[in-house]
Each structure stands twice: as C-alpha cells, then as structure tokens.
Amino acid sequence: MVQLLTEERVAVVPAGSDLAEKDVLTPADLAAWPVALNTVAGTTTLDLWPADARPTAMIEVGNTDEWLTAIAVGRAVGISTSATPVCTRTRRSPTAR
C-alpha cells in the first residue's frame, strides 16, 4: 500500500458543551460522549480510538445533515476531515462548533 496523503481531523462538538471551550481536543476527550458516525459516506470509524478507550456509545447517521443535527442538538460529538467545515459552510449550525 502506498500512502498518497494525509488529512487533518477536526472535532465538532455542541456549542454549549464544556468541550467547545477548549482550543485543542483529543479523541480521549470525546470518548465520554456518544459519537455521531456517518455509516453511509463518512470516513470516521471507532478505529480512531485505541481499542481500550473507544466511546461506549455511538449514533449512526446517514448523511452530513443528520450528523450536524445530532451534534448541534447535543446528542453527540463528531470527528471529521478538515474539509467538512468548508463543504458544509452554507448549512453550518450555530449550535455546533
């Protein structure tokens, strides 16, 4: 296998959460929350966490809008590629950071 490139990951959290106050988050910071996973077209999986430190709950969603909504209403947190905030700028929620 040849690695072509790497892409930075970003955390997306509910705007009113304690996590939103932090400048830097790690996967361990997010593990206490349910994680929204787009199982249709997303690139984030539970494999981003060590096996012994994975989130205990996840919310499966089918698209980016559902993913953003689950986070914006405080049901979950998410991890995505750095391209997601750019791609979703027109439908960005003020309640997700």
Side-chain angles (χ1 to χ4, degrees):
M1 176 169 53
V2 176
Q3 182 175 335
L4 297 177
L5 56 97
T6 59
E7 187 169 29
E8 185 177 284
R9 295 283 178 156
V10 296
V12 181
V13 301
S17 72
D18 292 341
L19 297 174
E21 301 300 319
K22 295 185 177 191
D23 292 328
V24 176
L25 294 168
T26 66
D29 294 325
L30 305 176
W33 281 73
V35 175
L37 296 176
N38 180 339
T39 57
V40 175
T43 60
T44 299
T45 68
L46 294 179
D47 293 334
L48 290 176
W49 286 265
D52 62 346
R54 290 187 176 147
T56 57
M58 67 176 217
I59 297 173
E60 290 187 29
V61 298
N63 58 52
T64 303
D65 287 334
E66 290 176 8
W67 182 80
L68 284 170
T69 299
I71 296 166
V73 300
R75 292 181 55 220
V77 296
I79 295 179
S80 190
T81 67
S82 58
T84 300
V86 175
C87 295
T88 61
R89 186 168 294 148
T90 59
R91 58 182 180 225
R92 187 183 236 164
S93 169
T95 56
R97 179 173 183 255

**Report entry** Pairs meeting criterion salt bridge (Lys or Arg N to Asp or Glu O under 4.0 Å) with involvement of residues 31-43, two or more places apart
**Finding:** none

**Report entry** Residue pair Ala36 / Ala70: nearest heavy atoms and the distance that separates them
**Finding:** CB-CB, 4.4 Å

Query - Point-to-point distance, once rounded to the nearest 0.5 Å, from CG of Asn38 to OG1 of Thr64 - result: 5.5 Å

Requested in this report: Taking side-chain contact (heavy atoms from CB on, under 4.5 Å) as the test, write out the residues that go with Glu8, two or more places apart.
Outcome: Val10, Ser82

Requested in this report: Ignoring hydrogens and angles, tell me if any N or O in the side chain of Thr44 forms a donor-acceptor pair with the backbone of Ile79 under 3.5 Å.
Outcome: yes

**Report entry** side chain to side chain donor-acceptor pair (under 3.5 Å) against Arg54, all qualifying residues, sequence neighbours excluded
**Finding:** Asp47

Query raised in the report: Does Pro14 reach the side chain of Ile71, with side-chain heavy atoms less than 4.5 Å apart?
Result: yes

Query - Pairs satisfying salt bridge (Lys or Arg N to Asp or Glu O under 4.0 Å), at least one member in residues 30-40, at least two apart - result: none

Query - Set of residues satisfying side chain to side chain donor-acceptor pair (under 3.5 Å) with respect to Asp18, sequence neighbours excluded - result: none

Requested in this report: Over all heavy atoms of both residues, which pair between Gly78 and Trp67 is shortest? Give the atoms and the distance, please.
Outcome: CA-CZ2, 3.8 Å

Query raised in the report: Which atom names give the shortest non-hydrogen contact between Trp49 and Leu30, and what distance separates them?
Result: CZ2-CB, 4.4 Å

Query raised in the report: Once you round to the nearest 0.5 Å, how far does CG of Leu37 lie from CG of Leu46?
Result: 5.5 Å

Requested in this report: Starting from the C-alpha separation in whole Å, work towards a yes-or-no answer on side chain to side chain contact (heavy atoms under 4.5 Å, CB included) for Leu19 and Trp33.
Outcome: CA-CA 10 Å; Leu19 297 174; Trp33 281 73; 3.4 Å; yes

Requested in this report: Please list, chain by chain and in numerical order, all residues satisfying side-chain contact (heavy atoms from CB on, under 4.5 Å) with Asp52, sequence neighbours excluded.
Outcome: Pro50

Query - Partner residues of Thr69 under the side chain to side chain donor-acceptor pair (under 3.5 Å) criterion, sequence neighbours left out - result: none

Query raised in the report: Side chains of Leu48 and Pro27: closer than 4.5 Å at any heavy-atom pair?
Result: no

Query raised in the report: Mind checking what makes side-chain contact (heavy atoms from CB on, under 4.5 Å) contact with Thr26, not counting sequence neighbours?
Result: Ala28, Asp29

Query raised in the report: For Thr43, which residues count as a side-chain contact (heavy atoms from CB on, under 4.5 Å) partner, sequence neighbours excluded?
Result: Arg9, Thr81

